Amino acid sequence: MAINTYDAIVVGSGISGGWAAKELTEKGLKVLMLERGRNVEHVKDYVNATKGPWEFPHRGLRTSQMNREYPVLKRDYPLNEINLNYWANEKDAPYVEEKRFDWFRGYQVGGRSLMWGRQSYRFSDLDYEANAKDGIAIDWPIRYKDMAPWYDYVERFAGISGSKEGLPQLPDGQYLPPIEMNCVEKDVAARIKQHYKGQRSMIAARVANLTAPHEGRTNCQFRNKCWLGCPFGAYFSTQSATLPAAMKTGNLTLRPFSIVKELIYDKDTKKAKGVRIIDAQDNKTYDYFSKIVFLNASTLNSTWILMNSATDIWPDGLGSSSGELGHNLMDHHFRAGANGNAEGYDDKYYFGRRPGAIYIPRFRNLPGGEKRDYIRGFGYQGAASRQGYDREIAEMSIGADFKDALSEPGPWVMGLTGFGETLPYHENHIRLDKDKKDKWGLPVLAINCEFKDNENKMRHDMMEDAREMLEAAGLKNVETYDRGSYPGMGIHEMGTARMGKDPKTSVLNEHNQVWDAKNVFVTDGACMVSAACVNPSLSYMAFTARAADFAVNELKKQNL
């Protein structure tokens, strides 16, 4: 094989990129995986994973200097001194907000698989059929039956803890034992089930954290330090799971500090010959060639690469012939719900710091149910816990009694936060801003995205339904809240290169192939046609495994 030539190139090393590398190498292909950021080696480079809060200069909090240097990251929880090096440098890689969009990026080997929330749920036929039934955007080119075996496949390898509940709107999967709910959560779950006569359910969260040793990885230690990198390999990440599997084959070459500038398109074969990169360290340009390319650079960056490619043929980039490239950007809206106090449990506590607590699956706008003044729905994530030493006690502010009071756990509280579906609006879009450049002289993205009337109407129910359920479960002093939500904050960006049945209305076909270049596959969040209300990463894994299987079979048939 010639120098710089491979069977396949995978762009990006996050959740979907790791899966692409694993699947393609295990099927015998020689694969080059390109990552724009630095390498992060499993265990060795998790430099803060075993530190206590007292070992950080500012006890893990943020500083005024950090606020100045990270004006986007400071808008929410990600900005802190504990894992700051996992988040992208905003000065080096800026973007333009035509409307507010909180883009929280992770540029290193493993991407955001090192910091993701690990909530892992399947889309159902309710989700895959929603656009067609509602007359919104375009129909998915696939259904749940097409994806079910691939959900099975990725769950078995990744290690998802959860319980089987038999809910049609939230299909069951292949699970390790669930992480047990605590005493308050169990009682609240039972009361909700009784009060709503089984029409609403509170279940254990389905999370990619091991509750038993699995695939050579150790079970979760309940330290609640997942976003620092887990030295036990107890949660699914590229480093803990897919990268070791790919490396084991001897077929993978990993190249960090490799910013993909464009796909090299051959207009005679109507395929991509390879990719052109800028080395992030020496700023030199290099070309790499392959039979197939998997774009897994994360939703917006994968679409950026397409937009910056084949512009001599299509001014708006490779995959733009439909006019849909860059459009239909989605995220989940959240930060609305309710919380309250649980009385009568002062003699009870819980063990450790769980990585996941509870989930309430969608119950609004289900078939046969009450219809609201919006379409689609929402689910809840939440937990019950006891307040700790940092709580405020209004009657005390100084002295021995205050100190003694803070040495004991406080009252039990429980909160529910809704995560709502966003519709795929064509006008929510991204484009290349060629007037503004990043550190490497490349055009940056301009993002124009907003939540609209349907999402805003839903937020009322996200608050009031949470209040109603907590009060029905016996909690006291229940209060609702809406802290505001902007696109990007959910870190579930989706769309901009959607799948479809028709090349006139979509960027990708049912196998995640770019209509305009059949040897290019996009299997990260860019491919999504609708958002559902569940966390999307498990679907990215399944789409990637399915597309890799198809790609290798097509290579064998010499169709690529």
Side-chain angles (χ1 to χ4, degrees), residues 12 14-20 22-23 110-128 140 142-165 167-176 178-179 203-211 214-215 217 220 226 234-238 240-242 245 296 298-299 330-332 355-356 359 361-362 379 381 419 421 490-495 499 512 522-549:
I15 282 177
S16 63
W19 267 101
K22 171 188 177 296
E23 293 301 299
R112 289 179 302 194
S113 78
L114 290 171
M115 311 94 88
W116 69 305
R118 305 167 310 285
Q119 301 274 327
S120 300
Y121 305 100
R122 299 183 178 200
F123 277 33
S124 70
D125 259 335
L126 180 72
D127 304 309
Y128 287 113
W140 280 87
I142 55 176
R143 290 294 184 261
Y144 177 69
K145 64 179 175 60
D146 301 306
M147 295 306 303
W150 295 104
Y151 283 126
D152 284 347
Y153 178 75
V154 298
E155 284 167 345
R156 287 192 184 104
F157 178 79
I160 311 298
S161 61
S163 58
K164 296 189 176 183
E165 302 291 339
L167 301 170
Q169 73 271 36
L170 194 74
D172 292 330
Q174 307 299 318
Y175 300 133
L176 298 171
I179 295 173
I203 67 174
R206 295 171 177 174
V207 290
N209 289 78
L210 304 182
T211 51
H214 179 73
E215 296 283 347
R217 297 155 50 203
C220 181
C226 304
Y235 72 79
F236 174 87
S237 68
T238 297
S240 70
T242 49
N296 301 99
S298 80
T299 294
M330 301 169 283
D331 187 20
H332 290 131
Y359 186 69
R362 175 181 163 184
Q381 297 176 28
F419 282 74
E421 179 168 357
I491 322 184
H492 295 163
E493 60 268 24
M494 291 172 271
M499 300 168 71
N512 297 81
V522 183
T523 64
D524 58 18
C527 77
M528 303 295 275
V529 186
S530 65
C533 67
V534 297
N535 301 55
S537 294
L538 184 70
S539 292
Y540 304 165
M541 299 185 206
F543 285 131
T544 304
R546 178 175 178 266
D549 184 69

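Since the model is a prediction, treat every value here as computed from it, not as a measurement.
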Side-chain contact, heavy-atom cut-off 4.5 Å: [X] with [Y]?
X    : Y    : value
I142 : M147 : yes
W116 : I491 : no
L126 : P168 : no

### Query
In terms of ring plane angle, is the pair W140 and F123 parallel, tilted or perpendicular, where the classes change at 30° and 60°?
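Geometry flag for F123 against W140: perpendicular rings.
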### Query
Can you say whether the rings of Y359 and Y121 are parallel (under 30°), tilted (30 to 60°) or perpendicular (over 60°)?
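Y359 and Y121: parallel rings.
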Donor-acceptor check, side chain of [X] to backbone of [Y], threshold 3.5 angstrom: yes or no?
X    : Y    : value
H214 : A234 : no
S161 : V207 : yes
D172 : E165 : yes
N512 : V522 : yes
Y235 : C226 : yes
R143 : Y128 : yes
H492 : V534 : no

[X] side, atom [atom1]; [Y] side, atom [atom2] - distance, nearest 0.5 Å:
X    : Y    : atom1 : atom2 : result
D127 : L170 : CG    : CG    : 9.0 Å
D549 : E23  : CG    : CD    : 8.0 Å
Q119 : Q381 : CD    : CD    : 4.0 Å
L538 : R118 : CG    : CZ    : 14.0 Å
Y151 : M541 : OH    : CE    : 11.0 Å
F543 : D524 : CZ    : CG    : 11.5 Å

### Intermediate values then yes/no, side-chain contact (heavy atoms from CB on, under 4.5 Å), I160 and F236
CA-CA 9 Å; I160 311 298; F236 174 87; 5.9 Å; no
### Message
Centroid separation under 6.0 Å, is that true for the rings of W19 and Y540?
### Response
no
### Query
Only one of T544, N296, T523, T299 forms a side-chain hydrogen bond (donor to acceptor under 3.5 Å, both in side chains) with S16, so which one is it?
N296
### Task
Apply side chain to side chain donor-acceptor pair (under 3.5 Å) to R122 and list each qualifying residue two or more places apart in sequence or on a separate chain.
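Here the qualifying residues are Y144, D152, E155.
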#### Entry: R112/E493 under salt bridge (charged side-chain N to carboxylate O under 4.0 Å, His left out): CA gap, chis, key distance, verdict
CA-CA 12 Å; R112 289 179 302 194; E493 60 268 24; 2.9 Å; yes
